[in-house]
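Sequence lines set the chain letters: A, B, ... in the order given, protein chains first and strands last, and positions in each chain run from 1. Basis for what follows: all heavy atoms, side chains included, without hydrogens, waters or symmetry-related copies.
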Amino acid sequence: MTDQPFSIDRDTLLDAYRTMKTIREFEERLHVDVARGDIPGFVHLYAGEEAAATAIMLHLGESDRIASTHRGHGHCIAKGVDVKEMMGEIRGKASGACKGKGGSMHIADLSKGMMGANGILGAGAPLACGAALAAKRRGDGGVAISFVGDGASNQGMFLESLNLAAVWNLPVIFVVENNGYAESTAMEWAVACDSYVDRASGFGMPGVTVDGTDFFAVYEAAGEVIRRAREGGGPSLLECKMYRFYGHFEGDAQTYRAEGEVENLRENHDCIKIFRAAVTGAGAVDPADLNAIDAEALALINEAVAHAAAAPMPGPEDLETDVYISYA
Amino acid sequence: MTDQPFSIDRDTLLDAYRTMKTIREFEERLHVDVARGDIPGFVHLYAGEEAAATAIMLHLGESDRIASTHRGHGHCIAKGVDVKEMMGEIRGKASGACKGKGGSMHIADLSKGMMGANGILGAGAPLACGAALAAKRRGDGGVAISFVGDGASNQGMFLESLNLAAVWNLPVIFVVENNGYAESTAMEWAVACDSYVDRASGFGMPGVTVDGTDFFAVYEAAGEVIRRAREGGGPSLLECKMYRFYGHFEGDAQTYRAEGEVENLRENHDCIKIFRAAVTGAGAVDPADLNAIDAEALALINEAVAHAAAAPMPGPEDLETDVYISYA
Amino acid sequence: MARNLSMNEAVNEALDQEMARDPAVIVMGEDISGGTGAPGEDDAWGGPLGVTKGLSVKHGDRVMDTPLSESAFIGAAIGAACSGLRPVAELMFVDFMGVCFDEIFNQAAKFRYMFGGKAETPVVIRCMAGAGFRAAAQHSQMLTPIFTHIPGLKVVFPSNAYDAKGLLIQSIRDNDPVIFFEHKNLYDTKTDVPEGLYTIPFAEANVVREGGDATIVTYGQTVQRSLDAASTLAKEGIECDVIDLRTLSPIDMDTVLESVEETGRLVCVDEANPRCSIAADVSATVTQEIFGSLKAGVRMVTAPHTPVPFSPALEDIYIPGADRIASAVRQTVAN
Amino acid sequence: MARNLSMNEAVNEALDQEMARDPAVIVMGEDISGGTGAPGEDDAWGGPLGVTKGLSVKHGDRVMDTPLSESAFIGAAIGAACSGLRPVAELMFVDFMGVCFDEIFNQAAKFRYMFGGKAETPVVIRCMAGAGFRAAAQHSQMLTPIFTHIPGLKVVFPSNAYDAKGLLIQSIRDNDPVIFFEHKNLYDTKTDVPEGLYTIPFAEANVVREGGDATIVTYGQTVQRSLDAASTLAKEGIECDVIDLRTLSPIDMDTVLESVEETGRLVCVDEANPRCSIAADVSATVTQEIFGSLKAGVRMVTAPHTPVPFSPALEDIYIPGADRIASAVRQTVAN
Ligand SMILES: Cc1ncc(C[n+]2csc(CCOP(=O)(O)OP(=O)(O)O)c2C)c(N)n1
Ligand SMILES: Cc1ncc(C[n+]2csc(CCOP(=O)(O)OP(=O)(O)O)c2C)c(N)n1
Ligand SMILES: [Mg+2]
Ligand SMILES: [Mg+2]
């Protein structure tokens with residue numbers, strides 16, 4: 001943990017906690033609902049990684065844009081996408097953020113600056129460069145964030161984007177969410193560099209590594225690279241080391257993990273527990289306030305599920321719409 | 001120039017000179033023949049860059065493989081592809097290395113370990129990884145070389161290959177032929193890193209930069225990275241700084257160059273002149289021997305042109321053959 | 001001895017037996033073994049749907065996990081194929097072709113021609129395709145017409161476990177680059193599969209039902225749906241030939257033409273999107289070659305011109321179903 | 001006022017005028033200006049064939065050179081298009097689509113549908129296509145069927161300077177992603193081109209010759225070849241409708257159907273490879289929709305199922321020529 005966590009005001013701390021807790025409850029509930037057979041398709045949970053999305057997004061406004069990954073729920077919630085619409089989308093309902101046409105891997109809300117979860121690894125990086133280019137041309141100090149996993153950090157589209165962003169001096173941050181695995185393959189094996197700082201240097205940009213389970217460390221590091229980008233100082237790479245609590249996708253037996261690995265993570269590396277202990281331990285926030293937020297978050301998710309469950313499926317008339325804006 | 005050029009024996013020096021001179025005469029003649037209208041299609045000349053291909057290839061045997069670029073004539077000649085067949089190919093003749101079906105950008109001779117010039121930038125890097133993988137599985141100490149330009153060093157296929165080669169510990173060398181330009185765009189602008197050594201580090205491999213106009217420097221550096229690869233030490237990146245004497249392709253007006261740039265290159269940075277001065281100056285080789293080789297090289301090219309000019313075009317019956325090995 | 005195997009098991013067995021037979025065969029892909037570098041068990045995954053499970057235990061380092069870099073490892077498979085190996089690379093979902101297509105269509109597919117007949121590239125690229133898995137727009141496509149369009153590729157699409165084994169063995173032994181499709185909705189379907197090695201030649205369509213009134217031509221998941229339609233129609237007195245193409249390139253047009261010469265009526269069923277589809281391809285060839293035999297316009301039943309929707313309610317009507325197939329046949333018979 | 005302009009000049013003018021009109025329009029590509037970072041003159045190239053020459057002088061940093069990274073900059077153009085700009089990105093040769101196809105077909109093409117109708121991606125991707133330039137297998141392809149196959153893309157292919165200007169302006173103003181093809185063998189061909197801004201709507205085919213005995217449908221370089229064939233045939237008393245599709249997706253099938261309803265005979269000419277081609281697509285739709293009007297089988301004249309050969313002797317017979325087109329028409333009329 002960094003030295004001065006409490007340069008952050010109390011309201012912001014509560015906001016941060018609310019966001020993290022909402023993501024956690026969202027994902028925990030999905031885990032249950034998938035097992036129950038209520039959720040169609042592939043679902044990749046962000047549980048365990050909440051601090052990163054939350055701390056980074058606190059530095060962004062609605063006009064700043066993010067390009068997300070297949071593991072996008074946390075990014076969506078932290079960027080302000082409506083939780084009910086998300087739950088509807090994940091169930092394929094007409095009430096969903098994308099009218100049920102996208103699903104978990106394609107939740108987007110451009111009005112909130114969320115350019116889409118993405119089923120194609122690395123594909124978000126060029127898109128974020130484009131959003132950053134648009135911001136740069138507007139000249140309003142806007143930035144874009146490209147999220148990418150450790151696995152996807154080996155993808156050509158991502159690597160090319162590092163170079164493009166540096167050459168064009170774009171206000172874009174490449175956040176590597178390093179949770180140690182790409183599916184079942186270890187990051188240590190698959191990413192051939194001593195550190196992401198080296199990879200960043202290979203593309204002429206500063207690189208920073210932080211403990212992604214430490215909200216305050218992420219908050220501070222993100223603040224700095226984002227500030228630099230807003231001021232015309234160009235792109236950076238920010239590696240957040242973190243852990244995912246669940247399998248790659250729901251249904252993953254996780255036999256690639258060490259024995260007791262998940263138990264240890266939940267016990268000793270839970271970013272929410274760590275945050276809670278820090279802010280209450282220092283007396284910055286009253287535990288009761290956090291408990292109240294816990295209850296609110298749970299209620300919000302319950303409501304979202306009820307809403308989504310009751311919502312209708314899209315109808316046959318929706319099948320062929322929304323392909324083009326103009327059909328001639 | 002390195003300290004002990006003459007650890008290389010006289011025969012090898014003469015061989016090297018012969019190869020460089022053959023490439024030079026080949027390219028100078030093409031320059032003339034293109035202007036004359038004798039050569040169809042795009043032609044990218046290697047003139048000025050001969051030392052790199054020559055010095056590197058001296059370390060290779062026939063079973064070692066190379067994957068080349070659009071600027072591939074020099075690599076072909078240095079790897080032992082028949083000059084007559086090359087000239088035939090470039091003129092689209094049935095006598096060509098590829099029966100006229102490939103042309104300048106697609107000359108290949110797998111029997112010589114030359115896996116093809118390539119019209120797609122960066123595409124050779126994965127192919128070289130594959131050849132290296134095959135060599136590694138054979139266990140015969142074979143290596144593969146991937147040639148790539150400074151421009152193509154920003155291509156995703158190339159960047160992914162660096163990582164793959166490091167992860168799989170492949171006996172492959174990535175040679176960046178940095179001639180300062182990708183078409184009309186400057187390397188200094190387009191390649192966002194302080195040095196290729198940094199880019200190599202970003203992918204967990206050693207990187208070396210040498211003066212590509214200094215045959216001896218390339219010879220020594222290539223020898224070391226190739227030896228390491230043969231011994232199981234894995235991939236390396238070798239940057240050769242060099243100059244092209246002609247335009248990107250024949251027909252390029254080269255207005256992106258500084259005034260007097262080409263004259264200066266020809267005068268002060270001609271790798272063949274430099275080699276000649278070194279070996280004769282030190283008394284290692286008699287100028288008369290080199291003059292004899294000059295005459296031989298010119299005669300060889302004249303013969304190749306005469307042969308190619310006289311050769312027939314492929315016939316209509318050749319149009320639909322050679323697509324598949326088996327047609328069902 | 002034939003056992004009742006799922007297509008999943010049949011693919012696994014084909015890979016296993018070919019690796020045992022020929023040391024030049026290697027298998028690579030993301031998580032194809034799984035767990036490389038990780039603290040838990042090796043062979044942790046066997047591919048995202050477990051299709052290659054157990055192969056690395058038997059064949060060791062000939063089953064290679066890769067970093068997440070499709071261009072690099074598919075290209076490496078192609079380069080290795082030119083250098084004496086016979087790699088089988090898994091692209092996982094065919095939808096990922098967009099990040100590595102160059103190595104497939106500009107390199108592997110063109111080497112032999114560009115190099116004047118002097119290259120051999122015996123590579124197989126396995127990939128999952130098709131809708132019905134609730135996997136949404138970027139994990140559910142067919143894209144078969146794109147590969148079929150490219151000269152120099154062979155395109156194989158089994159509809160059942162028996163064909164999958166025989167066609168995969170054939171693909172591995174073939175000396176040209178082969179794109180081998182596996183429909184993810186068919187993995188669990190079972191047929192009898194012989195224990196031993198056997199091959200099914202390319203360009204031999206399978207007449208899976210004989211009728212005489214109309215011909216249905218299709219491949220993949222819609223073979224069963226076409227058979228279902230044919231059963232329904234039989235009750236109405238309409239008897240259909242149902243042809244499973246099995247390979248799309250090369251394609252066995254002879255069998256199709258023979259059937260249509262007899263029936264005079266053709267319905268082409270394709271789970272791919274309609275424009276420039278396999279359905280259009282077959283229809284156009286038939287119309288060009290035996291127009292005189294046609295008694296009615298060739299009808300096409302395809303997915304709509306839309307991405308694959310996520311919502312089950314939409315995805316279910318996206319895929320050509322037995323109803324739509326049957327009504328297309330009725331229309332052509334009515335004319 | 002119309003001037004006689006080459007297609008090259010017409011494309012340049014359309015870009016110039018649209019940039020002047022709409023500050024959201026930016027142009028990017030490798031060497032599209034040229035000379036960035038180099039010691040000599042800026043705007044040194046204006047694209048590899050000089051098509052964008054002079055734009056950077058007039059429009060400054062809205063004409064952006066890029067590093068050699070197609071996925072990154074085409075993807076950036078797409079991301080910028082979702083963020084308020086109207087980028088025109090140059091892919092240079094369409095043959096390079098294999099290194100950036102994901103951003104085109106899985107991202108730009110699918111955003112609107114996947115996001116429930118809430119995305120707008122007004123991007124234009126310009127690329128050179130086609131054979132006849134002695135540019136060999138990796139710089140001469142058409143690949144039009146691949147883009148046409150993908151729902152969510154619009155595909156435009158002008159055959160002359162007038163159409164190029166009007167269609168490019170329409171493409172820039174269109175709110176969907178557009179793939180804009182420029183046949184490199186047509187750059188030097190000239191037509192009258194108005195000075196002012198004008199648009200040609202999508203899905204309006206151009207009937208470039210009226211006949212009545214047979215219909216020839218084509219696009220791009222083979223429009224002129226089809227007209228040449230029609231002239232030859234006219235001397236034999238066979239009068240042809242020649243239809244230039246101009247846009248392949250959306251496609252104006254109404255004009256095609258109307259013509260074939262009258263002529264009863266159709267020849268589809270396509271410079272692309274034959275399998276799953278535009279020729280097959282048009283043929284299949286006609287056969288499905290108006291079989292009753294057909295008097296003979298639809299004939300297709302396409303490139304062979306081979307990569308594009310380098311040798312001029314082979315390339316010249318690779319491209320469908322007036323002779324082959326004329327003889328296909330004769331065949332269909334004879335039936
Ligand atoms: C281009 C591409 N290749 C492969 C996949 C399949 N895939 C989905 S997630 C995944 C692993 C991703 O690992 P990482 O980037 O570390 O993200 P994480 O899942 O750990 O958050 C893979 C291989 C894909 N979706 N896209
Ligand atoms: C994927 C791809 N993008 C673009 C091109 C067009 N192109 C051909 S050569 C070239 C410049 C190459 O520069 P560099 O790699 O430095 O090699 P050099 O020509 O200097 O030897 C470009 C952009 C191509 N052939 N392939
Ligand atoms: Mg990961
Ligand atoms: Mg260069």
Looking at C/Pro39, C/Ala72, C/Pro48, C/Cys100, which makes the most heavy-atom pairs under 4.5 Å with chain A? C/Pro39
Enclosure of A/Glu263 CD (heavy-atom neighbours >12, cutoff 6.0 Å): yes
Just give me the residue among C/Gly37, C/Ser311, C/Ser33 that pairs up with chain A most often, heavy atom to heavy atom, under 4.5 Å. C/Ser311
Measure the shortest side-chain to side-chain distance between C/Pro67 and A/Val191 over non-hydrogen atoms and say whether it is less than 4.5 angstrom. no
Please tell me if the side chains of C/Trp45 and A/His248 come closer than 4.5 Å, counting only heavy atoms from C-beta onward. yes
Hey, does A/Thr185 have a side-chain heavy atom less than 4.5 Å from the side chain of C/Glu30? no
If you count heavy-atom pairs under 4.5 Å between each of A/Ala94, A/Gly151, A/Gly149 and chain C, which one has the most? A/Gly151
Hey, what do you get for CZ (C/Phe310) to SG (A/Cys98), rounding to the nearest 0.5 Å? 10.5 Å
Enclosure of A/Asp194 CG (heavy-atom neighbours >12, cutoff 6.0 Å): no
Sidechain-backbone polar pair: A/Ser184 side chain, C/Gly35 backbone, donor-acceptor under 3.5 Å: yes
Could you check which of A/Lys101, A/Met313, A/Lys99 has the highest count of heavy-atom pairs closer than 4.5 Å to chain C? A/Lys101
Using a 6.0 Å cut-off, check whether atom CG of A/Asn264 has over 12 heavy atoms from anything other than its own residue. yes
Whatever's closer than 4.5 Å to a heavy atom in chain C on A/Ile39 counts as neither
Closest heavy-atom pair, A/Ala182 versus C/Leu68, reported as atoms and distance to 0.1 Å, is CB-CD1, 4.5 Å
Pairwise side-chain contact, C/Gln138 with A/Asn118, heavy-atom cut-off 4.5 Å (strictly under): yes
Side chain, backbone, both or neither: which part of A/Gln254 has a heavy atom under 4.5 Å from chain C? neither
4.5 Å side-chain heavy-atom contact, A/Glu183 and C/Met92: yes
Nearest heavy atoms of C/Asp65 and A/Trp189, plus distance in Å: O-CH2, 3.2 Å
Taking C-beta and beyond as the side chain, do A/Tyr256 and C/Thr36 meet within less than 4.5 Å on heavy atoms? no
Shortest non-hydrogen contact from C/His139 to A/Gly119? CE1-O, 3.1 Å
Which label fits C/Phe93 and A/Phe42: parallel for a plane angle under 30°, tilted from 30 to 60°, or perpendicular past 60°? perpendicular
With only heavy atoms counted, which part of A/Glu188 is less than 4.5 Å from chain C, the side chain, the backbone, both or neither? neither
Testing the basics here: between C/Ala137 and A/His106, what is the closest heavy-atom pair and its distance to 0.1 Å? N-NE2, 4.1 Å
With a 4.5 angstrom heavy-atom cut-off, is it the side chain or the backbone of A/Leu121 that approaches chain C, or both, or neither? side chain
Assess whether atom NZ of A/Lys93 is packed by more than 12 heavy atoms of other residues, nucleotides or ligands within 6.0 Å. yes
Any heavy-atom pair between the side chains of C/His305 and A/Tyr324 that's under 4.5 Å? yes
C/Leu314 and A/Gly315: which non-hydrogen atoms are nearest, and at how many Å? CD2-O, 3.3 Å
Against chain C, work out which of A/Pro40, A/Ser153, A/Ala190, A/Gly41 has the most heavy-atom pairs shorter than 4.5 Å and name it. A/Pro40
If you measure only the distance, is there a donor-acceptor pair under 3.5 Å linking the side chains of C/Ser69 and A/Asn154? no
What pair of heavy atoms forms the shortest contact from A/Leu319 to C/Pro309, and how long is it? CD1-CG, 3.8 Å
